[in-house]
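Just below is one structure, and these are the notes that go with it.
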Number of protein chains: 4
Amino acid sequence: MAVAEPENTPRRRAPRADAMRNRDAIVEAAAEVLAEQGTAVDVREIARRSGVGMGTLYRHFPKKEDLVHTVLRKDFSEWAESARRAAIEAEEPWAALTDFYQQALTGYARHRAIMERFALTWADPDLEGIHQLRLVIEELCARATGLLRPGVTTDDLLLLLVSLGHAVQITGECRPLMWNRLLRISLDGLRADHDEPLPATPAPTTHPPNPQQPPR
Amino acid sequence: MAVAEPENTPRRRAPRADAMRNRDAIVEAAAEVLAEQGTAVDVREIARRSGVGMGTLYRHFPKKEDLVHTVLRKDFSEWAESARRAAIEAEEPWAALTDFYQQALTGYARHRAIMERFALTWADPDLEGIHQLRLVIEELCARATGLLRPGVTTDDLLLLLVSLGHAVQITGECRPLMWNRLLRISLDGLRADHDEPLPATPAPTTHPPNPQQPPR
Amino acid sequence: MAVAEPENTPRRRAPRADAMRNRDAIVEAAAEVLAEQGTAVDVREIARRSGVGMGTLYRHFPKKEDLVHTVLRKDFSEWAESARRAAIEAEEPWAALTDFYQQALTGYARHRAIMERFALTWADPDLEGIHQLRLVIEELCARATGLLRPGVTTDDLLLLLVSLGHAVQITGECRPLMWNRLLRISLDGLRADHDEPLPATPAPTTHPPNPQQPPR
Amino acid sequence: MAVAEPENTPRRRAPRADAMRNRDAIVEAAAEVLAEQGTAVDVREIARRSGVGMGTLYRHFPKKEDLVHTVLRKDFSEWAESARRAAIEAEEPWAALTDFYQQALTGYARHRAIMERFALTWADPDLEGIHQLRLVIEELCARATGLLRPGVTTDDLLLLLVSLGHAVQITGECRPLMWNRLLRISLDGLRADHDEPLPATPAPTTHPPNPQQPPR
DNA sequence: CATGAATGAGGGTTCATTCAT
DNA sequence: TATGAATGAACCCTCATTCAT
């Protein structure tokens with residue numbers, strides 16, 4: 001790791017640094033590709049873009065999911081971290097909340113894999129970053145008490161985030177920024193001047209897993 | 001040398017009962033499976049569940065997409081129709097809007113394939129039913145003029161629908177009805193007592209198709 | 001099964017005629033389609049064009065090959081018969097030969113299935129008609145003794161027929177009648193003024209069935 | 001299976017040559033199988049014979065047609081090249097022509113896929129090798145001016161080649177070399193001592209694409 | 001008997017993962 | 001160790017043939 005590599009390969013002393021560099025290249029390429037195409041990408045595409053062979057990729061990440069996990073851990077963490085910082089810097093509680101969504105939707109909601117994963121695990125975070133996003137929101141929520149309509153929970157704000165994130169994805173390139181309007185609407189709906197209580201959520205139940213029969 | 005048959009061959013194909021039953025079984029199984037798993041399902045799974053062989057399935061639906069299309073056409077149409085009826089019956093414009101979302105999210109938003117397709121084509125409907133949903137919303141929108149905040153468009157309401165539909169999907173079985181709260185929030189945000197104008201959307205542009213690099 | 005059918009189906013007296021009519025329709029449609037597309041056609045296409053169901057088709061012809069056989073028997077027979085008649089009518093032996101090829105190539109060589117089958121069984125006829133074609137050629141050959149170069153056999157003339165038939169097929173619609181030139185050339189080459197003996201053919205051997213290794 | 005290994009193949013040690021060997025094995029097996037059975041072969045059969053898995057085959061040749069194309073390109077090219085060389089070496093123009101046919105029919109006409117493709121594209125070559133075969137014939141044709149009967153074109157000679165190639169195929173293993181007699185006949189018919197003009201070919205027309213109805 | 005629906009063994013192709021070099 | 005070739009199960013789809021109505 002700390003050893004210099006004389007360019008014409010003595011080779012004896014390059015293992016860790018090399019491996020690290022490879023690993024980073026893989027993660028970087030994967031991040032790119034996962035953001036663009038979601039988790040459905042062909043692993044080969046990642047190998048290709050990172051310039052390493054499949055073997056190397058699989059040495060570092062024995063399962064595709066391992067790589068995805070790693071990338072998303074990093075991306076979620078960066079997101080959480082920048083969100084945390086922004087939250088700290090913001091002075092107005094309401095602006096902090098607003099800015100959070102703005103930043104999230106502008107910056108991260110286009111990341112297909114992030115949104116895929118977020119949708120799957122927002123309620124049961126399997127990644128540190130997701131948990132921390134929740135913490136950030138929790139704090140934003142706490143700070144905005146009195147400004148937020150009563151009863152609004154962190155989960156509400158998280159679900160809203162995923163929901164609007166989806167709007168960002170589907171407006172994509174052809175309806176850019178239309179999600180902004182939805183954001184505005186939702187944020188206004190979150191304001192304290194709405195004092196009707198939100199509907200209560202039943203405790204988590206086990207539903208018949210196949211309830212799609214449309215209603216009569 | 002088979003040529004055009006003179007008009008006195010009504011050619012009344014007796015829609016064989018068992019074929020119809022099979023077709024229905026296929027469509028039903030497909031609807032079930034598509035609702036559960038989305039369009040990525042294995043065609044064999046549909047055949048299996050409907051109790052027919054691959055050949056039968058492909059006799060009725062020469063391409064997988066044909067089956068998907070058929071199922072979605074039906075489901076979207078039923079949705080649109082029931083939405084239309086509900087819209088007509090509702091007396092209060094606001095209640096009509098509210099009920100529309102309630103019904104949609106309760107009844108249809110769990111259908112994975114419906115939501116997949118809706119997300120893809122909400123802005124450019126390829127199914128009659130989708131178009132009619134838009135029409136229903138258009139009318140709800142028109143009727144609610146004065147109650148809706150100024151500037152809200154049909155597209156806003158549609159995007160909101162897809163967005164909340166996604167929330168329904170991800171709350172799934174374990175957080176039932178939590179989306180209800182989001183709905184309430186959004187609807188409140190749509191009320192006319194919010195008079196700040198919504199952000200303008202730029203006209204549809206061609207963006208660099210690969211904008212996913214998350215911000216620093 | 002033996003029960004009389006109610007009023008407006010006399011039916012009692014039509015069974016064989018009906019079956020016959022169906023059979024004929026099948027054969028006719030099959031002839032058409034086999035001529036157009038060769039034996040690779042989908043059986044459904046034949047059923048469709050003949051206006052009968054698959055079951056009927058398979059009742060008359062339990063295997064696709066049975067139908068093909070039947071059609072080709074008929075077509076080869078017609079061919080043989082018309083060739084025979086023409087041979088009889090022709091006064092000049094050489095003209096008889098010439099006309100035979102002309103007629104064959106103009107009239108039958110476009111029939112894909114005929115040519116397919118002819119290519120497979122010209123030397124070992126499995127159809128009466130093929131055998132009779134051979135007989136016709138045999139006679140033409142005999143009558144043209146003295147005009148044909150010495151040593152020319154019926155098999156030569158048959159092989160030439162298949163060979164030119166193939167030329168007809170591949171010139172198809174875009175190079176119509178070019179095969180005519182080949183025919184002329186071949187016929188000239190068959191004339192008695194060529195007195196060099198033709199190369200002897202070894203007796204039929206069993207070759208290694210896979211001799212495709214191209215020579216160095 | 002895989003043959004033709006240059007003598008001292010360590011077998012256990014094949015760094016990258018391994019892939020090449022596999023590729024070659026695939027091509028070789030494909031050539032074999034395509035020669036035997038034509039382009040209708042099952043890709044799995046090729047994989048089996050070459051001793052590789054489907055994935056390997058598709059790694060090297062993403063579409064079946066790519067493999068077919070590769071094999072045919074190679075085979076046609078070898079053919080064209082050897083024909084070209086033979087044409088150059090031959091001193092007598094007529095012998096050159098004769099030898100060309102002899103070699104072609106002896107060496108390549110048994111290759112089913114080659115003949116299939118040749119029949120389809122002789123008039124409109126899609127492979128370099130086919131085009132070069134045409135060039136060789138063109139030159140043979142030019143050199144034989146004065147020996148060839150007037151009016152004979154390159155296209156005539158090409159069509160003759162395909163036509164006789166078909167004869168080779170159908171004589172197959174059981175009537176070996178009988179095509180030789182046809183060749184002799186045709187070549188004699190091509191000689192200049194025949195001075196009757198060949199029938200003119202109409203310019204390429206668009207025919208009713210379905211003219212197969214055999215005559216009464 | 002006629003009908004046409006049903007069957008299911010392939011056929012071409014893809015991709016996560018393993019393995020030889 | 002890095003490489004990228006190899007693997008093979010799984011996917012969508014076709015068609016000769018059988019079978020229920």
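Letters A, B, ... mirror the listed sequences (proteins, then strands); counts begin at 1. Side chains are part of it too, since the values below use all heavy atoms of this structure and drop only hydrogens, waters and symmetry mates.
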*Answer yes or no: is there a donor N or O on one side and an acceptor on the other, between the side chain of Arg110(D) and the main chain of Gly172(D), under 3.5 Å?*
yes
*Side chain of Val43(C) only, please: which of dA9(F), dA2(F), dA16(F) is the nearest?*
dA16(F)
*Asp66(A) has an atom CG; how far is it from atom C1' of dA16(E), in whole Å?*
13 Å
_Keeping Lys64(D) on the side-chain end and Thr39(D) on the backbone end, is there a donor-acceptor pair under 3.5 Å?_
yes
*Let me know the distance between CD of Glu45(A) and P of dA16(E), rounded to the nearest Å.*
11 Å
_Looking only at the side chain of Met54(A) (C-beta and beyond, no hydrogens), which of the listed nucleotides dT18(E), dT14(E), dC13(F) gets closest?_
dT18(E)
*Is a donor on one side and an acceptor on the other found under 3.5 Å between the side chain of Glu45(A) and the backbone of Val33(A)?*
no
*Specify the separation, in whole Å, of atom CZ of Phe61(C) and atom P of dT18(F).*
16 Å
*Under 4.0 Å between a side-chain N or O of Lys64(D) and OP1 or OP2 of dT14(E)?*
no
_So that I can tick it off, tell me whether Arg21(D) and Asp24(D) are bridged by a salt bridge, with the cut-off set at under 4.0 angstrom between side-chain N and carboxylate O._
no
*Take Gly55(D) and Thr56(B), find for each the nucleotide of DNA chain E with the closest heavy atom, and name the residue whose nucleotide sits nearer the 5' end.*
Thr56(B)
*Starting at the 5' end of DNA chain E and moving along, which residue's nearest nucleotide shows up first, Asn22(C) or Glu65(D)?*
Asn22(C)
*Is a donor-acceptor contact shorter than 3.5 angstrom present between the side chain of Arg44(A) and the base of dG4(F)?*
no
*Figure out the CD1/P separation between Ile46(C) and dG4(E), and round it to whole Å.*
16 Å
*Counting Watson-Crick and G-U wobble pairs only, both distances under 3.5 Å, name the nucleotide matched with dT21(E), or none.*
dA2(F)
*Take atom NE2 of His69(A) and atom P of dA16(E), then tell me their distance rounded to the nearest Å.*
19 Å
*asked:* Tell me the interatomic distance from Arg48(B), atom CZ, to dC12(F), atom P, rounded to whole angstroms.
replied: 11 Å
_Exactly one of Arg48(D), Arg49(D), Arg112(D) should register a salt bridge (Lys or Arg N to Asp or Glu O under 4.0 Å) with Glu32(D). Which one does?_
Arg49(D)
*Nearest to the side chain of Asp42(B) - dT17(F), dT14(E), dC11(F)?*
dC11(F)
_Spacing between Lys63(A) atom NZ and dA16(E) atom P, to the nearest angstrom_ = 12 Å
*Could you state the CG-P distance from Leu57(D) to dC15(E), rounded to the nearest angstrom?*
17 Å
*Does OP1 or OP2 of dT14(E) have a side-chain N or O of Tyr58(D) closer than 4.0 Å?*
no
*Given that both distances must come in under 3.5 Å, which nucleotide forms a Watson-Crick or G-U wobble pair with dG8(F)?*
dC15(E)
